[in-house]
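What follows is a set of notes on a single structure, which appears directly below.
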Protein chains: 2
Amino acid sequence: MRKDAVQNRERLLRAARQLFADRGLDVPLDEIARVAGVSIGTLYNRFPTRDALVEAVFADRRATVADLAERALAADDAWDGFAGFLTGVCELQAADLGYNDLAARTAPVDGDRGPALMIEIVERAQRAGTLRGDVTLTDLAFVIWGVAATIAATRQTAPGAWRRHLALMLDGLRAGAARPLPGPPMSAGQAGAALRDC
Amino acid sequence: MRKDAVQNRERLLRAARQLFADRGLDVPLDEIARVAGVSIGTLYNRFPTRDALVEAVFADRRATVADLAERALAADDAWDGFAGFLTGVCELQAADLGYNDLAARTAPVDGDRGPALMIEIVERAQRAGTLRGDVTLTDLAFVIWGVAATIAATRQTAPGAWRRHLALMLDGLRAGAARPLPGPPMSAGQAGAALRDC
DNA sequence: CCTCAACTTGAGACAGGCCTCAAGTTAGCT
DNA sequence: AGCTAACTTGAGGCCTGTCTCAAGTTGAGG
(Lines give C-alpha, C1' and ligand atoms only; values in the text may rest on other atoms or scores of the structure.)
Protein backbone atom coordinates (compact mmCIF):
# COMPACT_ATOMS: atom_id res chain seq x y z
CA MET A 1 0.00 0.00 0.00
CA ARG A 2 1.34 3.40 -0.96
CA LYS A 3 2.35 5.87 1.72
CA ASP A 4 -0.36 8.42 0.92
CA ALA A 5 -2.97 5.68 0.93
CA VAL A 6 -1.92 4.64 4.41
CA GLN A 7 -2.12 8.20 5.60
CA ASN A 8 -5.59 8.66 4.14
CA ARG A 9 -6.71 5.46 5.75
CA GLU A 10 -5.62 6.77 9.09
CA ARG A 11 -7.26 10.12 8.59
CA LEU A 12 -10.47 8.37 7.75
CA LEU A 13 -10.26 6.20 10.82
CA ARG A 14 -9.62 9.22 13.02
CA ALA A 15 -12.56 11.11 11.58
CA ALA A 16 -14.85 8.10 11.76
CA ARG A 17 -13.83 7.37 15.33
CA GLN A 18 -14.75 10.89 16.36
CA LEU A 19 -18.01 11.13 14.44
CA PHE A 20 -19.21 7.68 15.41
CA ALA A 21 -18.48 8.47 19.05
CA ASP A 22 -20.41 11.72 18.96
CA ARG A 23 -23.30 10.96 16.68
CA GLY A 24 -23.66 7.21 16.44
CA LEU A 25 -23.11 4.62 13.76
CA ASP A 26 -25.44 6.24 11.22
CA VAL A 27 -23.35 9.32 10.47
CA PRO A 28 -23.35 9.99 6.70
CA LEU A 29 -20.22 8.67 5.02
CA ASP A 30 -19.85 11.90 3.05
CA GLU A 31 -19.38 13.72 6.30
CA ILE A 32 -16.70 11.35 7.51
CA ALA A 33 -14.83 11.89 4.26
CA ARG A 34 -15.21 15.65 4.56
CA VAL A 35 -13.92 15.74 8.12
CA ALA A 36 -11.05 13.48 7.11
CA GLY A 37 -10.18 15.95 4.36
CA VAL A 38 -10.53 13.30 1.68
CA SER A 39 -13.02 12.66 -1.09
CA ILE A 40 -15.89 10.25 -0.79
CA GLY A 41 -14.30 8.12 -3.49
CA THR A 42 -11.23 7.60 -1.37
CA LEU A 43 -13.35 6.53 1.54
CA TYR A 44 -14.89 3.86 -0.66
CA ASN A 45 -11.45 2.85 -1.89
CA ARG A 46 -10.25 2.18 1.62
CA PHE A 47 -13.47 0.82 3.09
CA PRO A 48 -15.80 -0.69 0.51
CA THR A 49 -18.73 -0.89 2.92
CA ARG A 50 -19.83 0.93 6.02
CA ASP A 51 -19.39 -2.30 7.96
CA ALA A 52 -15.75 -2.51 6.96
CA LEU A 53 -15.17 0.97 8.37
CA VAL A 54 -17.09 0.22 11.56
CA GLU A 55 -15.18 -2.99 11.97
CA ALA A 56 -11.86 -1.20 11.60
CA VAL A 57 -12.81 1.61 13.97
CA PHE A 58 -13.98 -0.70 16.74
CA ALA A 59 -11.52 -3.51 16.30
CA ASP A 60 -9.75 -2.53 19.51
CA ARG A 61 -12.95 -2.85 21.53
CA ARG A 62 -12.97 -6.60 21.07
CA ALA A 63 -9.68 -6.84 22.88
CA THR A 64 -10.81 -4.41 25.56
CA VAL A 65 -13.87 -6.49 26.29
CA ALA A 66 -11.83 -9.66 26.36
CA ASP A 67 -9.58 -7.97 28.92
CA LEU A 68 -12.59 -6.99 30.99
CA ALA A 69 -13.72 -10.59 30.88
CA GLU A 70 -10.39 -11.87 32.04
CA ARG A 71 -10.24 -9.36 34.83
CA ALA A 72 -13.72 -10.47 35.87
CA LEU A 73 -12.56 -14.05 36.19
CA ALA A 74 -9.51 -12.93 38.14
CA ALA A 75 -11.60 -11.06 40.71
CA ASP A 76 -11.65 -12.55 44.18
CA ASP A 77 -15.39 -12.33 44.45
CA ALA A 78 -17.35 -13.96 41.66
CA TRP A 79 -20.22 -11.48 41.91
CA ASP A 80 -17.89 -8.51 41.86
CA GLY A 81 -16.32 -9.97 38.75
CA PHE A 82 -19.68 -10.44 37.10
CA ALA A 83 -21.00 -7.01 38.03
CA GLY A 84 -17.69 -5.39 37.16
CA PHE A 85 -17.72 -6.95 33.75
CA LEU A 86 -21.18 -5.67 32.91
CA THR A 87 -20.34 -2.26 34.33
CA GLY A 88 -17.20 -2.13 32.24
CA VAL A 89 -19.02 -2.96 29.05
CA CYS A 90 -21.70 -0.38 29.80
CA GLU A 91 -19.03 2.21 30.48
CA LEU A 92 -17.61 1.56 27.02
CA GLN A 93 -21.07 2.06 25.62
CA ALA A 94 -21.63 5.28 27.56
CA ALA A 95 -18.30 6.66 26.39
CA ASP A 96 -19.00 6.15 22.70
CA LEU A 97 -22.37 6.43 21.04
CA GLY A 98 -21.09 4.43 18.09
CA TYR A 99 -20.04 1.56 20.27
CA ASN A 100 -23.35 1.85 22.07
CA ASP A 101 -25.12 1.31 18.75
CA LEU A 102 -22.79 -1.50 17.90
CA ALA A 103 -23.23 -3.28 21.23
CA ALA A 104 -26.97 -3.25 20.69
CA ARG A 105 -26.48 -5.06 17.37
CA THR A 106 -23.59 -7.35 18.24
CA ALA A 107 -22.92 -9.72 21.05
CA PRO A 108 -19.96 -8.22 22.95
CA VAL A 109 -16.94 -10.48 22.65
CA ASP A 110 -18.07 -12.76 19.89
CA GLY A 111 -14.97 -13.56 17.93
CA ASP A 112 -11.88 -14.77 19.75
CA ARG A 113 -12.14 -16.49 23.07
CA GLY A 114 -15.69 -15.34 22.61
CA PRO A 115 -18.66 -16.30 24.66
CA ALA A 116 -16.69 -19.01 26.43
CA LEU A 117 -15.23 -16.45 28.82
CA MET A 118 -18.60 -14.89 29.44
CA ILE A 119 -20.21 -18.22 30.13
CA GLU A 120 -17.55 -18.87 32.70
CA ILE A 121 -18.20 -15.48 34.34
CA VAL A 122 -21.86 -16.35 34.64
CA GLU A 123 -21.38 -19.89 35.86
CA ARG A 124 -18.74 -18.95 38.37
CA ALA A 125 -21.05 -16.39 39.96
CA GLN A 126 -23.83 -18.93 39.97
CA ARG A 127 -21.63 -21.52 41.68
CA ALA A 128 -20.82 -18.89 44.29
CA GLY A 129 -24.55 -18.57 44.86
CA THR A 130 -24.68 -14.83 44.28
CA LEU A 131 -26.00 -14.80 40.72
CA ARG A 132 -29.45 -16.31 40.41
CA GLY A 133 -29.38 -19.78 38.96
CA ASP A 134 -32.11 -19.36 36.38
CA VAL A 135 -30.36 -16.82 34.19
CA THR A 136 -28.47 -17.69 31.04
CA LEU A 137 -25.81 -15.93 29.06
CA THR A 138 -28.50 -14.87 26.62
CA ASP A 139 -30.32 -12.99 29.37
CA LEU A 140 -27.38 -10.63 29.61
CA ALA A 141 -28.47 -9.26 26.27
CA PHE A 142 -31.32 -7.59 28.13
CA VAL A 143 -28.81 -5.63 30.15
CA ILE A 144 -26.91 -4.54 27.07
CA TRP A 145 -30.00 -3.69 25.01
CA GLY A 146 -31.70 -1.96 27.89
CA VAL A 147 -28.77 0.11 29.01
CA ALA A 148 -28.01 0.97 25.39
CA ALA A 149 -31.50 2.38 25.05
CA THR A 150 -31.14 4.39 28.24
CA ILE A 151 -27.75 5.73 27.21
CA ALA A 152 -29.09 6.81 23.84
CA ALA A 153 -32.04 8.56 25.44
CA THR A 154 -30.31 10.28 28.33
CA ARG A 155 -26.82 10.98 27.08
CA GLN A 156 -27.40 14.70 26.53
CA THR A 157 -29.75 15.40 29.33
CA ALA A 158 -28.84 13.08 32.17
CA PRO A 159 -25.51 11.36 31.58
CA GLY A 160 -24.98 8.82 34.30
CA ALA A 161 -28.66 7.92 34.49
CA TRP A 162 -27.76 4.59 32.93
CA ARG A 163 -25.97 3.64 36.14
CA ARG A 164 -29.27 3.56 37.95
CA HIS A 165 -30.72 1.41 35.20
CA LEU A 166 -27.80 -0.97 35.46
CA ALA A 167 -28.01 -1.03 39.25
CA LEU A 168 -31.65 -2.05 39.07
CA MET A 169 -30.84 -4.85 36.65
CA LEU A 170 -27.94 -6.06 38.76
CA ASP A 171 -30.19 -6.19 41.80
CA GLY A 172 -32.63 -8.18 39.72
CA LEU A 173 -29.86 -10.58 38.77
CA ARG A 174 -28.83 -11.26 42.36
CA ALA A 175 -29.81 -14.55 43.84
CA GLY A 176 -31.38 -12.94 46.89
CA ALA A 177 -34.76 -11.67 45.80
CA ALA A 178 -35.18 -13.87 42.74
CA ARG A 179 -38.68 -14.92 41.73
CA PRO A 180 -38.63 -17.63 39.08
CA LEU A 181 -38.26 -16.20 35.57
CA PRO A 182 -41.07 -16.77 33.08
CA GLY A 183 -40.63 -18.87 29.95
CA PRO A 184 -37.50 -20.52 28.61
CA PRO A 185 -34.39 -18.41 28.04
CA MET A 186 -33.51 -17.47 24.46
CA SER A 187 -31.35 -20.02 22.74
CA ALA A 188 -28.02 -18.81 21.42
CA GLY A 189 -29.54 -19.01 17.95
CA GLN A 190 -32.50 -16.85 18.87
CA ALA A 191 -30.28 -14.27 20.50
CA GLY A 192 -28.03 -14.23 17.46
CA ALA A 193 -30.97 -13.84 15.11
CA ALA A 194 -32.35 -11.02 17.25
CA LEU A 195 -29.03 -9.22 16.99
CA ARG A 196 -29.06 -9.67 13.27
CA ASP A 197 -32.36 -7.96 12.57
CA CYS A 198 -32.07 -5.00 14.84
CA MET B 1 -66.58 17.47 6.87
CA ARG B 2 -67.92 15.79 3.76
CA LYS B 3 -68.99 12.16 3.86
CA ASP B 4 -66.28 10.92 1.51
CA ALA B 5 -63.66 12.80 3.49
CA VAL B 6 -64.76 11.06 6.67
CA GLN B 7 -64.59 7.72 4.95
CA ASN B 8 -61.10 8.38 3.63
CA ARG B 9 -59.98 9.46 7.05
CA GLU B 10 -61.16 6.18 8.45
CA ARG B 11 -59.51 4.15 5.71
CA LEU B 12 -56.26 5.96 6.41
CA LEU B 13 -56.52 5.28 10.11
CA ARG B 14 -57.21 1.60 9.49
CA ALA B 15 -54.24 1.27 7.16
CA ALA B 16 -51.96 3.22 9.45
CA ARG B 17 -53.02 1.21 12.47
CA GLN B 18 -52.13 -2.01 10.68
CA LEU B 19 -48.84 -0.85 9.19
CA PHE B 20 -47.64 0.87 12.35
CA ALA B 21 -48.42 -2.27 14.32
CA ASP B 22 -46.51 -4.53 11.96
CA ARG B 23 -43.60 -2.38 10.95
CA GLY B 24 -43.22 0.42 13.46
CA LEU B 25 -43.72 4.16 13.40
CA ASP B 26 -41.38 4.77 10.48
CA VAL B 27 -43.43 3.18 7.74
CA PRO B 28 -43.40 5.41 4.63
CA LEU B 29 -46.49 7.57 4.35
CA ASP B 30 -46.85 6.68 0.67
CA GLU B 31 -47.37 3.11 1.66
CA ILE B 32 -50.06 3.95 4.17
CA ALA B 33 -51.88 5.90 1.49
CA ARG B 34 -51.51 3.03 -0.98
CA VAL B 35 -52.84 0.46 1.46
CA ALA B 36 -55.69 2.80 2.33
CA GLY B 37 -56.54 3.03 -1.38
CA VAL B 38 -56.14 6.78 -1.38
CA SER B 39 -53.62 9.19 -2.82
CA ILE B 40 -50.74 10.63 -0.87
CA GLY B 41 -52.29 14.06 -1.29
CA THR B 42 -55.40 12.97 0.56
CA LEU B 43 -53.31 11.64 3.38
CA TYR B 44 -51.72 15.04 3.75
CA ASN B 45 -55.14 16.69 3.59
CA ARG B 46 -56.41 14.65 6.50
CA PHE B 47 -53.19 14.53 8.53
CA PRO B 48 -50.83 17.40 7.85
CA THR B 49 -47.94 15.79 9.71
CA ARG B 50 -46.90 12.29 10.59
CA ASP B 51 -47.37 13.15 14.24
CA ALA B 52 -51.00 14.07 13.66
CA LEU B 53 -51.59 10.63 12.17
CA VAL B 54 -49.71 8.86 14.94
CA GLU B 55 -51.65 10.84 17.52
CA ALA B 56 -54.96 9.87 15.94
CA VAL B 57 -54.04 6.20 15.61
CA PHE B 58 -52.90 5.81 19.19
CA ALA B 59 -55.37 8.13 20.86
CA ASP B 60 -57.18 5.17 22.40
CA ARG B 61 -54.01 3.94 24.08
CA ARG B 62 -53.99 6.89 26.42
CA ALA B 63 -57.31 5.79 27.83
CA THR B 64 -56.20 2.16 27.98
CA VAL B 65 -53.16 3.08 30.01
CA ALA B 66 -55.22 5.26 32.31
CA ASP B 67 -57.49 2.26 32.86
CA LEU B 68 -54.52 0.08 33.66
CA ALA B 69 -53.38 2.66 36.15
CA GLU B 70 -56.74 2.77 37.85
CA ARG B 71 -56.93 -0.98 38.02
CA ALA B 72 -53.47 -0.97 39.56
CA LEU B 73 -54.64 1.32 42.32
CA ALA B 74 -57.71 -0.82 42.87
CA ALA B 75 -55.66 -3.98 43.37
CA ASP B 76 -55.67 -5.43 46.87
CA ASP B 77 -51.93 -5.79 46.94
CA ALA B 78 -49.93 -2.67 46.17
CA TRP B 79 -47.06 -4.60 44.61
CA ASP B 80 -49.38 -6.64 42.43
CA GLY B 81 -50.92 -3.39 41.27
CA PHE B 82 -47.51 -1.91 40.49
CA ALA B 83 -46.21 -4.97 38.70
CA GLY B 84 -49.50 -5.48 36.91
CA PHE B 85 -49.42 -1.95 35.61
CA LEU B 86 -45.94 -2.27 34.16
CA THR B 87 -46.79 -5.65 32.71
CA GLY B 88 -49.91 -4.24 31.13
CA VAL B 89 -48.03 -1.41 29.48
CA CYS B 90 -45.36 -3.76 28.19
CA GLU B 91 -48.05 -6.04 26.80
CA LEU B 92 -49.41 -3.12 24.83
CA GLN B 93 -45.91 -2.50 23.53
CA ALA B 94 -45.39 -6.12 22.60
CA ALA B 95 -48.69 -6.24 20.76
CA ASP B 96 -47.95 -3.27 18.53
CA LEU B 97 -44.54 -2.29 17.21
CA GLY B 98 -45.81 1.20 16.55
CA TYR B 99 -46.89 1.66 20.12
CA ASN B 100 -43.61 0.17 21.22
CA ASP B 101 -41.79 2.89 19.28
CA LEU B 102 -44.12 5.50 20.67
CA ALA B 103 -43.73 4.36 24.27
CA ALA B 104 -39.98 4.70 23.92
CA ARG B 105 -40.44 8.35 22.90
CA THR B 106 -43.38 9.35 25.07
CA ALA B 107 -44.12 9.03 28.73
CA PRO B 108 -47.08 6.64 28.96
CA VAL B 109 -50.11 8.52 30.31
CA ASP B 110 -48.92 12.07 30.04
CA GLY B 111 -52.00 14.07 29.22
CA ASP B 112 -55.13 13.55 31.27
CA ARG B 113 -54.92 12.39 34.81
CA GLY B 114 -51.32 11.94 33.78
CA PRO B 115 -48.43 11.05 35.94
CA ALA B 116 -50.44 11.74 39.07
CA LEU B 117 -51.90 8.23 38.91
CA MET B 118 -48.51 6.68 38.28
CA ILE B 119 -46.93 8.52 41.14
CA GLU B 120 -49.64 7.16 43.37
CA ILE B 121 -49.00 3.61 42.12
CA VAL B 122 -45.34 3.99 42.99
CA GLU B 123 -45.84 5.61 46.36
CA ARG B 124 -48.51 3.18 47.41
CA ALA B 125 -46.21 0.24 46.73
CA GLN B 126 -43.43 2.00 48.59
CA ARG B 127 -45.67 2.63 51.62
CA ALA B 128 -46.51 -1.07 51.57
CA GLY B 129 -42.78 -1.74 51.77
CA THR B 130 -42.64 -3.95 48.72
CA LEU B 131 -41.26 -1.44 46.21
CA ARG B 132 -37.82 -0.17 47.12
CA GLY B 133 -37.89 3.30 48.57
CA ASP B 134 -35.13 4.81 46.49
CA VAL B 135 -36.82 4.60 43.11
CA THR B 136 -38.69 7.46 41.52
CA LEU B 137 -41.30 7.65 38.83
CA THR B 138 -38.60 8.62 36.40
CA ASP B 139 -36.80 5.34 37.00
CA LEU B 140 -39.73 3.53 35.44
CA ALA B 141 -38.58 4.95 32.13
CA PHE B 142 -35.75 2.42 32.29
CA VAL B 143 -38.27 -0.38 32.29
CA ILE B 144 -40.14 1.08 29.32
CA TRP B 145 -37.03 1.91 27.31
CA GLY B 146 -35.35 -1.35 28.11
CA VAL B 147 -38.28 -3.59 27.39
CA ALA B 148 -38.99 -1.60 24.23
CA ALA B 149 -35.49 -2.38 23.02
CA THR B 150 -35.89 -6.06 23.83
CA ILE B 151 -39.25 -6.24 22.11
CA ALA B 152 -37.86 -4.60 18.99
CA ALA B 153 -34.92 -6.99 18.90
CA THR B 154 -36.69 -10.25 19.69
CA ARG B 155 -40.14 -9.80 18.25
CA GLN B 156 -39.58 -12.05 15.22
CA THR B 157 -37.27 -14.58 16.72
CA ALA B 158 -38.20 -14.95 20.39
CA PRO B 159 -41.51 -13.30 21.15
CA GLY B 160 -42.09 -13.43 24.86
CA ALA B 161 -38.43 -12.99 25.68
CA TRP B 162 -39.31 -9.52 26.95
CA ARG B 163 -41.16 -11.13 29.84
CA ARG B 164 -37.87 -12.37 31.22
CA HIS B 165 -36.39 -8.92 30.84
CA LEU B 166 -39.34 -7.41 32.67
CA ALA B 167 -39.18 -10.06 35.39
CA LEU B 168 -35.54 -9.24 36.03
CA MET B 169 -36.33 -5.57 36.31
CA LEU B 170 -39.25 -6.20 38.63
CA ASP B 171 -37.05 -8.29 40.88
CA GLY B 172 -34.59 -5.41 40.87
CA LEU B 173 -37.36 -3.04 41.88
CA ARG B 174 -38.45 -5.13 44.85
CA ALA B 175 -37.48 -3.87 48.26
CA GLY B 176 -35.98 -7.19 49.28
CA ALA B 177 -32.57 -7.31 47.68
CA ALA B 178 -32.12 -3.61 47.07
CA ARG B 179 -28.63 -2.15 47.13
CA PRO B 180 -28.65 1.64 47.20
CA LEU B 181 -28.96 3.15 43.76
CA PRO B 182 -26.13 5.30 42.43
CA GLY B 183 -26.54 9.00 41.73
CA PRO B 184 -29.65 11.10 41.91
CA PRO B 185 -32.73 10.06 39.95
CA MET B 186 -33.58 11.97 36.80
CA SER B 187 -35.74 14.99 37.37
CA ALA B 188 -39.03 15.08 35.54
CA GLY B 189 -37.50 17.69 33.27
CA GLN B 190 -34.55 15.49 32.41
CA ALA B 191 -36.76 12.54 31.68
CA GLY B 192 -38.97 14.70 29.49
CA ALA B 193 -36.00 16.09 27.60
CA ALA B 194 -34.63 12.59 27.11
CA LEU B 195 -37.92 11.51 25.59
CA ARG B 196 -37.84 14.50 23.31
CA ASP B 197 -34.52 13.80 21.62
CA CYS B 198 -34.85 10.10 21.05
C1' DC C 1 -80.42 20.51 -12.37
C1' DC C 2 -76.84 23.84 -11.07
C1' DT C 3 -73.34 25.44 -8.56
C1' DC C 4 -69.43 25.75 -5.74
C1' DA C 5 -66.84 24.77 -1.83
C1' DA C 6 -64.85 20.76 -0.39
C1' DC C 7 -62.30 17.25 -1.72
C1' DT C 8 -59.00 14.13 -4.44
C1' DT C 9 -55.28 13.38 -7.45
C1' DG C 10 -50.53 12.31 -8.84
C1' DA C 11 -46.76 14.20 -11.22
C1' DG C 12 -42.93 16.46 -9.82
C1' DA C 13 -39.81 19.47 -6.97
C1' DC C 14 -36.91 18.70 -3.18
C1' DA C 15 -33.70 16.60 0.18
C1' DG C 16 -30.54 13.28 1.94
C1' DG C 17 -27.73 9.64 1.52
C1' DC C 18 -25.42 5.85 -1.26
C1' DC C 19 -22.25 4.47 -4.66
C1' DT C 20 -19.63 4.55 -9.29
C1' DC C 21 -16.43 5.56 -12.72
C1' DA C 22 -13.84 8.17 -16.23
C1' DA C 23 -10.42 11.42 -15.88
C1' DG C 24 -6.59 13.30 -13.62
C1' DT C 25 -2.71 13.01 -10.22
C1' DT C 26 1.24 11.05 -7.78
C1' DA C 27 4.48 7.76 -5.32
C1' DG C 28 8.10 5.22 -6.07
C1' DC C 29 10.81 2.17 -8.93
C1' DT C 30 14.37 2.01 -12.59
C1' DA D 1 13.87 11.81 -15.90
C1' DG D 2 10.46 8.67 -17.31
C1' DC D 3 7.17 5.33 -16.52
C1' DT D 4 3.41 2.88 -14.54
C1' DA D 5 0.49 1.12 -11.24
C1' DA D 6 -1.62 2.91 -7.42
C1' DC D 7 -4.25 6.26 -5.91
C1' DT D 8 -7.57 10.37 -5.64
C1' DT D 9 -11.30 13.02 -7.26
C1' DG D 10 -16.11 14.73 -7.40
C1' DA D 11 -19.79 15.25 -10.54
C1' DG D 12 -23.56 12.68 -11.35
C1' DG D 13 -26.79 8.68 -11.36
C1' DC D 14 -29.55 6.22 -8.22
C1' DC D 15 -32.88 5.47 -4.70
C1' DT D 16 -36.19 6.41 -1.01
C1' DG D 17 -38.92 9.24 1.24
C1' DT D 18 -41.28 13.95 2.09
C1' DC D 19 -44.33 17.42 0.75
C1' DT D 20 -46.91 20.67 -2.68
C1' DC D 21 -50.06 22.46 -5.90
C1' DA D 22 -52.61 23.17 -10.24
C1' DA D 23 -55.98 20.62 -12.34
C1' DG D 24 -59.83 17.73 -12.14
C1' DT D 25 -63.80 15.63 -9.54
C1' DT D 26 -67.74 15.29 -6.48
C1' DG D 27 -71.10 15.82 -2.49
C1' DA D 28 -74.78 18.33 -1.13
C1' DG D 29 -77.52 22.66 -0.51
C1' DG D 30 -80.58 25.64 -3.14
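Computed from a predicted structure; not experimentally measured. So you know, we letter chains A, B, ... as the sequences are listed, proteins then strands, and number each from 1.
A straight line from OH of A:Tyr44 to C1' of D:dG12 spans 14 Å, rounded to a whole angstrom. Atom CG of A:Asn45 is separated from atom C1' of C:dA22 by 13 Å (rounded to the nearest Å). Separating the CG atom of B:Leu43 from the C1' atom of D:dG17 is a distance of 13 Å, rounded to the nearest angstrom. We find that CG of A:Asp51 is positioned 10 Å from P of C:dC19, with the value rounded to whole Å. Remark: P of D:dC19 and CZ of B:Phe47 are 15 Å apart, rounded to the nearest angstrom.
A close approach under 4.0 Å does not occur between any side-chain nitrogen or oxygen of B:Ser39 and OP1 or OP2 of C:dT8. The side chain of B:Asn8 places an N or O atom within less than 4.0 Å of a non-bridging phosphate oxygen (OP1 or OP2) of C:dT8.
Considering only side-chain atoms of B:Arg46, the nucleotide from D:dT20, C:dC18, C:dT8 that sits closest is C:dT8. Checking D:dA11, C:dT9, D:dT8 against every side-chain atom of A:Ile40, the shortest atom distance belongs to D:dA11.
A cation-pi contact links B:Arg61 to B:Tyr99, judged by a cut-off of 6.0 Å to the six-membered ring centre and 45° from its axis.
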May I have the step-by-step check of salt bridge (charged side-chain N to carboxylate O under 4.0 Å, His left out) for B:Arg163 and B:Glu91, ending in yes or no? CA-CA 9 Å; B:Arg163 288 188 187 274; B:Glu91 271 165 355; 2.9 Å; yes
Could you walk me through whether A:Glu10 and A:Arg17 pass salt bridge (charged side-chain N to carboxylate O under 4.0 Å, His left out), step by step? CA-CA 10 Å; A:Glu10 250 137 46; A:Arg17 195 158 8 242; over 6 Å; no
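Residue A:Ala94 comes nearest to A:Trp162 through the heavy atom pair CB-NE1, 3.4 Å, listed as atom of the first residue, atom of the second, then distance. Counting all heavy atoms, side chain and backbone alike, B:Ala149 lies closest to A:Trp145 at CB-O, 3.8 Å. Across all their heavy atoms, A:Leu13 and A:Val57 have their closest contact at CD2-CG2, 3.8 Å. When all heavy atoms of A:Arg164 and B:Asp139 are compared, the closest pair comes out as NH2-OD2, 2.8 Å. A:Arg46 and A:Leu12 make their closest contact through CG-CD1, 4.0 Å (heavy atoms, listed as atom of the first residue, atom of the second, distance).
Between the CZ atom of A:Phe58 and the CG atom of A:Leu25 there is a distance of 5.5 Å, given to the nearest 0.5 Å.
Scanning residues 9-38 of chain A for heavy-atom distances under 4.0 Å to DNA chain D yields A:Val38.
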For each nucleotide in nucleotides 25-30 of chain D, reading 5' to 3', give B when a protein heavy atom comes within less than 4.0 Å of its base, S when such contact involves only the sugar-phosphate, and - otherwise. -BSS--
